[in-house]
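The next block holds one structure in the form of structure tokens; read it before the comments.
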Amino acid sequence: MQMFLDGAGCDSLSGSTLPVYNPATGTVIDTVPAGTTDDVAAAVAAAENAQATWARVSPADKSRILIAAGALIRGEADALATLLTTEQGKPFREAKDEILGTAHIFEYYASMTGSIRGDAAVLPKYGYMNVVRKPLGVCGAIVPWNMPAIIFGWKAGAALACGNAVVAKPSETAPLTVLRLAELLAAAGVPGGVLNVVTGSGASAGDAIVRHADIRHVSFTGSVATGRAVSLAAAPTLKKLTLELGGNDAFIVAADADIDAAVAGAVRNRFYNCGQVCTSAKRILVDANCVDAFVRKARNAIEKLVVGSGLDKVNMGPLNNPGQRDAVAAAVDRIVNEECGRLIFGGKKQEGPGNFYAPTLLSDVSPDAVSEEIFGPVMPVIPFATLDEAVEIANGTPYGLGASIWTKNMKTAYTAAEQIRSGVVWVNRHLILPPEIPFGGTANSGYGRENGREFIYEYTEPKSILIGL
Ligand code: NDP
């Protein structure tokens, strides 16, 4: 596929391309242009040219365009989901959920265009104060490979609703669905230049977006290490950043929890998208009084998971790329070899083509052994004795994105929700993220929020006007 600049497909000025692989087979399914600094400069020029006019489009017309985008995405949901599965690896059912969720994101932002406003007050002696929220201008969106459609939707939907123009860069290992979404947004009426997608590597196209002086905001989702690099590269141009850098979510099961519901929730959430979600249930903390029953029931459920190509009827697909699969395998091997946990099920790569790794269950895991997130299909179970200890373990990593507490007791729920350091806490749920919920983290999980009303603060800036009386 070509990249998408100024309302049309085009190649990189360099003429180079990058292959896109099917993670289930290892075969090349397409190529995309290997964008460079020059392509980013061309995209930013087109975006700058188009943004002021887009900012003046009425809220009602912006809303109509975003609603039309949602309808076009829904109309093409099966084809988009197939494309997403083919480049990303997830089961078709999950891909379709993500595509429909992406349509809903644009519809959600369509409903918000008329609510983007500031504040006003009469200041005796001084005058009448008006604070209006102004769009930032051109915004960069750096999108990872794990949930490319919906994360693109979060960033582009919010930026467009606020009157900004966008230069997006999808990951080189999952760029195709984002490119097709950009075409559909254009078909829905987003004017040429307002939304651009530059493909290419993070080190080249991504870095060029972060460094570009005329890009006033970058929303980045990815790893802590790259988030730090983005932060340093952005500093000279003093642009705003929204950084979502992953998490190591605790999933705490209290002794009074509905164990069957907790097991089902843990298995569903931990192996969703082959465990490659920033706010997956990555550490399962279970009260020592019920941990044996939990592990037994979890094993029964995990044994039944069908693994294979996401285009077949499976519960779990491959990891997105070979490097990711190797990192997960190394993390499990280290835990088992250093006797920091017991292997109950899985723990091995699947022979043959594709980036497959068995769904894996580890018990008696030492909290320190999983202080770094494992971004793959691995469920480490950590026993705890008291709620205080569970909260201490939950907070014992550098991350702070999400967490959940499974209990029937309101006081236990409230205590955990209050004391866990994270951007979101669920009670008897995990990984539920409708666009109404502001989403983002604290500490090494980054800063800023996407979704909710909070997006308005990310993608606009206040301008104060004082009218003397
Ligand atoms: P990265 O953080 O490197 O990649 C995320 C995005 O940033 C991709 O679009 C990537 O492009 C781009 N990128 C890479 N380098 C730069 C740069 N210097 N400047 C600007 N953009 C850049 O993550 P990885 O893909 O390497 O995955 C490694 C780990 O990151 C995972 O194991 C997981 O722990 C975490 N991760 C977290 C995610 C989350 O949802 N928070 C999502 C994905 C990964 P490209 O891929 O083309 O290089």
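We count ligands from 1, going down the list as the structure has it; atoms in each ligand are counted the same way. Nothing here was measured: the structure is a model prediction, and the numbers come from that model. When a residue number appears, it is its place in the shown sequence, counting from 1.
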Contact (N/O only, under 3.5 Å) between Phe375 and ligand 1
no
Run the contact test for Ser201 against ligand 1 with a 4.0 Å cut-off on heavy atoms, strictly below, and give the result.
yes
A student checking ligand 1 against Asp207 at a 4.0 Å heavy-atom cut-off should list atoms 19 (N), 20 (C)
shortest atom 18 (N) of ligand 1-to-protein heavy-atom contact is with Gly202 O, 4.0 Å
Quick check: does Gly246 get an N/O under 3.5 Å from an N/O on ligand 1?
yes
Within-shell test, Gly200 vs ligand 1, heavy atom, strictly < 4.0 Å
yes
Shortest non-hydrogen contact from Val32 to Leu179?
CG1-CD1, 3.9 Å
Please determine which of Arg180, Glu87, Lys169, Met3 meets the side-chain contact (heavy atoms from CB on, under 4.5 Å) test together with Pro175.
Glu87
How far apart are the closest heavy atoms of Tyr108 and Arg453, and which atoms are they?
OH-N, 4.1 Å
Under 3.5 Å, is there a donor-acceptor pair between the Asn22 and Thr27 side chains?
no
What class does the angle between the rings of Phe251 and Trp406 fall in, given that below 30° is parallel, 30 to 60° is tilted and above 60° is perpendicular?
parallel
Sidechain N-carboxylate O distance under 4.0 Å for Arg216, Glu461:
no
So that I know where these two stand, are Trp145 and Tyr21 an aromatic pair - ring centroids less than 6.0 Å apart?
no
In ligand 1, which numbered atoms sit nearer than 4.0 Å to a non-hydrogen atom of Glu244?
41 (N)
Is it true that Glu107 and Arg74 make a salt bridge, defined as a side-chain N closer than 4.0 Å to a carboxylate O?
yes
Is atom 25 (O) of ligand 1 near the protein, in the sense that some protein heavy atom lies at less than 4.0 Å from it?
yes
Ligand 1 versus Glu373, non-hydrogen atoms closer than 4.0 Å: side chain, backbone, both, neither?
side chain
Please could you name the atoms of ligand 1 that Gln324 approaches to less than 4.0 Å, counting only its heavy atoms?
31 (C), 32 (O)
Would you say atom 45 (P) of ligand 1 makes contact with the protein, given that contact here means a non-hydrogen protein atom less than 4.0 Å away?
yes
Are any of the N or O atoms of Gly222 closer than 3.5 Å to those of ligand 1?
yes
List every atom of ligand 1 that sits less than 4.0 Å from any heavy atom of Val143, numbering the atoms from 1 in the order shown and giving each element.
8 (C), 9 (O)
Side chains of Ser204 and Ser201 only: does a donor on one sit below 3.5 Å from an acceptor on the other?
no
Can you list the atoms of ligand 1 that are under 4.0 Å from a heavy atom of Pro144?
42 (C), 43 (C)
Can a donor-acceptor pair be found between the side chains of Thr242 and His217 at a distance below 3.5 Å?
yes
Based purely on interatomic distance, does Glu172 place a nitrogen or oxygen under 3.5 Å from a nitrogen or oxygen of ligand 1?
yes
Closer than 4.0 Å to some heavy atom of Phe220 - which atoms of ligand 1 meet that?
2 (O), 6 (C), 7 (O)
Please state which protein non-hydrogen atom is closest to atom 20 (C) of ligand 1 and give its distance, to 0.1 Å?
Gly206 C, 3.3 Å
Which of the numbered atoms in ligand 1 are under 4.0 angstrom from any heavy atom belonging to Lys169?
9 (O), 11 (O), 45 (P), 47 (O)
For a quick check under 3.5 Å, do Thr173 and Asn320 share a side-chain donor-acceptor pair by atom type?
yes
Ranked by distance from atom 29 (C) of ligand 1, the top protein heavy atom is Ser223 CB, 3.8 Å
Sidechain N-carboxylate O distance under 4.0 Å for Arg449, Glu458:
no
Considering only heavy atoms, which of Leu401, Thr226, Ile142, Thr221 lies nearest to atom 5 (C) of ligand 1?
Thr221
Considering only protein heavy atoms, which is closest to atom 39 (C) of ligand 1, and at what distance to one decimal place?
Cys278 CB, 3.5 Å
Is there a donor-acceptor contact under 3.5 Å linking the side chains of Lys155 and Ser219?
yes
